[in-house]
Amino acid sequence: MTSLLETRGLSVSFETPEGPVHAVKDVSLRIERGTTLGLVGESGCGKSTLGRAILRLLPENARISGSVIFNGQDLSTLPAKAMRDLRGRNIAMIFQDPMTRLDPLMKIRDHFIETIRAHDPTVDVDGAVERAKKVLADVRVPSDRLGMYPHELSGGMRQRIMIALCLLFNPALLIADEPTTALDVILEAQILQLLQSIMHEYNMAVLLITHNLGLVAEFADQVAVMYAGIIAEEGATVPLFREPRHPYTQGLLRSVIDLETQTLYSVPGSPPNLLGESIGCPFYARCEKRMDVCKSVFPEIRLVGEDRRKVACHLY
Amino acid sequence: MTQALLEVRDLRVYFPIFKGFVQRLLGGGDAKVHAVDGVSFSIPEGQVFGLVGESGCGKTTIAKTLVGLVRPTSGQIVFRGGDVTHPNRKALFRLREQIQIIYQDPHAALSPAMTVGEAVADVLRTHGLPSEGGVRIQLKSDDELRAAVYQVFEDVGLRPPPFFYDKYPDELSGGQKQRVVAGRVLALRPKLIVADEPVAMLDMSIRARMLEFLLELKAKHNLTYLFITHDLATAKFVCDGIAIMYLGRIVEMGPARTIYADPKHPYTRALLQAIPIPDPERRSTKVLPKGEVPNAVWPPAGCRFHPRCPAALPTCGWEGRDVIALLEERWLSPELAAREADAGPVEVWEANGLIARRDVEKGDPAAVQALIRGILEEGGGPMAEAIRSIRVEDRAVAVEFRPPDPLGPKEVEGRMVECLLY
């Protein structure tokens, strides 16, 4: 059986006056039905660009190459109109800050009506409101919130409403780009619990884009670690956390500050500039295990070890 | 015992809500946000004191009050033995040389139109260069000023300083910008630094470096920190003492080691439990507090955490609006909503202090009374035991609660806790 979503050699670059910025380089990933892939990395690593590239939600100066296969269908050949219908219906997306995604001048009710009728103009207002009530109950929001404006709601309620809007058409895949980063720790845990139960209820796969390794550890079945536009390492969550292979993954895991932290660690240096062409390993300058070959030869990602994990490093 | 560098006593900061003209005429215009509502703590010299809590708990308001950006409604602030609660302009100018603040977002803290060298020079121009005896010397020439800024950059690890002097904030990384901000603060040789989420905006691979850097500065310059954060893990690593805040009150305070080893307040426990653990082999189901932090305009009666608390008692402060919240939550289930339809809808219920009431225009008030009694007994938990009466008044049904037990800070096993469990 084919994967739910597959990217093949997906690359994104942005044309800028200074030259092209290579935000995503040759990324091949798979997401299976009903599972969660955690895409983790630091700011500027290209994780959000990758998420948006799947839905072709990128600015005009973006150049996309490679392909995105969803349910066996190549999305890169899909006409704009079909793509628009697919967004929200088959693949939905939620973002970090729900306040900026909801229209402040529209009642919650109208957000639902507009979304439903954009995909299905035959639904009348009453029918749309009925459907809205059903998904709101699933995200545990009282239906009287339909009559309110976004500013009248708390941050947690707003994010629940964003999730409810995503559920309207029972999409097979939800792309969640830092869905809890704007929330406090208790709310974050609440929203994650909610997402988890909804995934099961709706049999939905999730691409969780985050900088938070803790969230990935608690939530994801598979993890892909992104650095400077490439996937540095990818594999099942438990073995990857138990024995990280890429030096960047190792450094990232060591740098997490949790309740058990005894000594602080940070990865030396800072991420490279993605402007222009680069040779060698993008992590070379910061790597504590670098070799001569790393400077000049790009490390292709390949299967390493018994658990057949994908690692892009010359050490293996 | 070391002397307290800073002491805050029963600090209250309320922000009035300016309603519209008509609303003010019609009354009800005295609503206030209870941002900080009776907070006391002291910081011994040379320590790192953590103020931990979620957004809206009042931690940043305290920070702003300490540097004179917000005026306290009541209470007292004592710094190095002197009262600085309501400083005049001149006193505030001098106070700011001694208490400085580092904000969360270094990018927003630096002017985009000013080079970072100028940003630091500006501070030295205004306040003078601190010297050994505490006297501040006005620098006369631009060369002297530039040399002083170079020294500051050297101190905060922006090397070589001339390379950084003419950079604009845009050209620096997040970590470098935070160093510039730290340098600008340090240039005044303050005694107390209020660090408001200083690493929250930084990527995790460099977060540790910034924390180490702040601790190094502390050791080198004999500083005291008020470290404000929502992140209990970072606070654990950095702080000597901590105070956990919830909705304008400190709920638990004491030596960090004591509190992390055995947290007492249910809110502290909830916060600790909610932190994601970066180990997929230790996944567990979390028991989380219900709902969200309530509005600080009308904080809950009794203990402010009681509506969400998993360990609440009948005496914690149950009141009319808790009934409405229960009905709302309960009727999210269409099945229950249908079965208990005669008690609803939620909108007909009104809360006033300890009482929740609804009019019964059609039907039998006694039936509604019996229904609501059943609902509270089945789903109310400790709330049900706090009920004084459920009665029929004319054509209305009212639920009234007993007033809460008095609540105040209590010494429990080496720390202060504000909770009726102890």
Side-chain angles (χ1 to χ4, degrees), chain A residues 41-45 133-134 136-137 140-144 154-157 182-190 192-193 211-220 223 236-242 248 251-271 286, chain B residues 53-57 173-176 199 201-212 215 230-234 236-238 260 267 270-286 288-295 308 327-329 331-334 337 345-347:
Chain A
E42 299 180 277
S43 38
C45 74
K133 283 183 179 167
K134 198 204 151 284
L136 280 180
R140 308 205 56 75
V141 172
S143 55
D144 68 328
S154 65
M157 278 290 168
L183 304 175
D184 278 311
V185 53
I186 292 175
L187 262 180
E188 171 173 75
Q190 284 176 351
L192 280 180
Q193 275 187 356
H211 69 282
N212 189 332
L213 281 163
L215 289 193
V216 169
E218 293 200 340
F219 196 74
V223 183
T237 307
V238 171
L240 188 140
F241 273 77
R242 192 184 289 164
Y248 176 64
L252 206 55
L253 277 168
R254 266 182 77 191
S255 67
V256 173
I257 301 169
D258 65 7
L259 291 170
E260 263 113 74
T261 300
Q262 299 296 327
T263 49
L264 293 177
Y265 174 81
S266 45
V267 181
S270 47
R286 305 176 73 187
Chain B
E54 298 177 279
S55 31
C57 74
S173 72
Q176 288 168 337
V199 298
M201 300 281 284
L202 303 177
D203 269 323
M204 64 200 146
S205 76
I206 58 167
R207 220 172 254 193
R209 207 182 303 160
M210 185 53 62
L211 287 176
E212 273 169 340
L215 292 176
H230 69 282
D231 179 6
L232 273 163
T234 308
K236 185 183 181 196
F237 195 86
V238 180
Y260 282 98
Y267 179 64
L271 274 181
L272 282 168
Q273 206 206 149
I275 300 176
I277 303 168
D279 181 353
E281 291 172 84
R282 284 169 50 207
R283 281 182 194 177
S284 60
T285 311
K286 298 173 176 182
L288 298 168
K290 290 176 284 186
E292 294 179 53
V293 182
N295 191 326
R308 309 176 66 198
L327 296 178
E328 189 163 69
E329 196 197 321
W331 294 338
L332 282 172
S333 144
V346 173
E347 294 78 47

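Throughout, a chain's letter reflects where its sequence line sits, starting with A, and its residues are numbered from 1. Only heavy atoms go into these numbers, but all of them, side chains included; no hydrogens, no water, no symmetry mates.
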Name the region of Gln273(B), side chain, backbone, both or neither, that has any atom closer than 4.5 Å to a heavy atom of chain A.
neither
Please classify the contact of Leu288(B) with chain A as side chain, backbone, both or neither, using a heavy-atom distance under 4.5 Å.
side chain
Interatomic spacing from [atom1] in [X] to [atom2] in [Y] - rounded to 0.5 Å:
X	Y	atom1	atom2	value
Leu213(A)	Met204(B)	CG	CE	4.5 Å
Ile257(A)	Leu232(B)	CD1	CG	13.0 Å
Ile186(A)	Tyr267(B)	CD1	OH	5.0 Å

In terms of heavy-atom pairs under 4.5 Å with chain A, which of [options] leads?
options	answer
His230(B), Lys236(B), Glu292(B)	Glu292(B)
Pro280(B), Ala274(B), Ala233(B)	Pro280(B)
Val293(B), Val346(B), Ile277(B), Leu211(B)	Ile277(B)

Selection from [options] maximising heavy-atom pairs under 4.5 Å formed with chain B:
options	value
Gln190(A), Met157(A), Lys133(A), His211(A)	Gln190(A)
Leu252(A), Asn212(A), Leu183(A), Leu136(A)	Leu252(A)
Ser154(A), Gly214(A), Ala217(A)	Ala217(A)
Gly44(A), Gly156(A), Gly251(A), Ala137(A)	Gly156(A)
Glu188(A), Lys134(A), Glu260(A), Arg254(A)	Glu260(A)

By a 4.5 Å heavy-atom criterion (distance strictly below it), what part of [X] contacts chain B: side chain, backbone, both, or neither?
X	answer
Val256(A)	side chain
Tyr248(A)	neither
Gln262(A)	backbone
Val141(A)	backbone
Asp144(A)	side chain

Examine distances only and state if a side-chain atom of Asp203(B) and a backbone atom of Ser43(A) form a donor-acceptor pair shorter than 3.5 Å.
yes
Nearest non-hydrogen partners of [X] and [Y], listed with the distance:
X	Y	value
Val185(A)	Leu271(B)	CG1-CD2, 3.6 Å
Ser205(B)	Ser255(A)	CA-OG, 3.7 Å
Ala189(A)	Lys286(B)	CB-CD, 4.5 Å
Glu218(A)	Ile275(B)	OE2-O, 4.1 Å
Thr261(A)	Phe237(B)	O-CD1, 3.7 Å

Could you walk me through whether Glu54(B) and Leu187(A) satisfy the side-chain contact (heavy atoms from CB on, under 4.5 Å) test, starting with their C-alpha distance in whole Å, then the side-chain angles of each, then the deciding distance to 0.1 Å, before giving a yes or no?
CA-CA 10 Å; Glu54(B) 298 177 279; Leu187(A) 262 180; 5.5 Å; no
Would you indicate whether the side-chain heavy atoms of Ser270(A) and Gln176(B) approach each other to under 4.5 Å?
no
Please tell me if the side chains of Arg283(B) and Thr237(A) come closer than 4.5 Å, counting only heavy atoms from C-beta onward.
yes
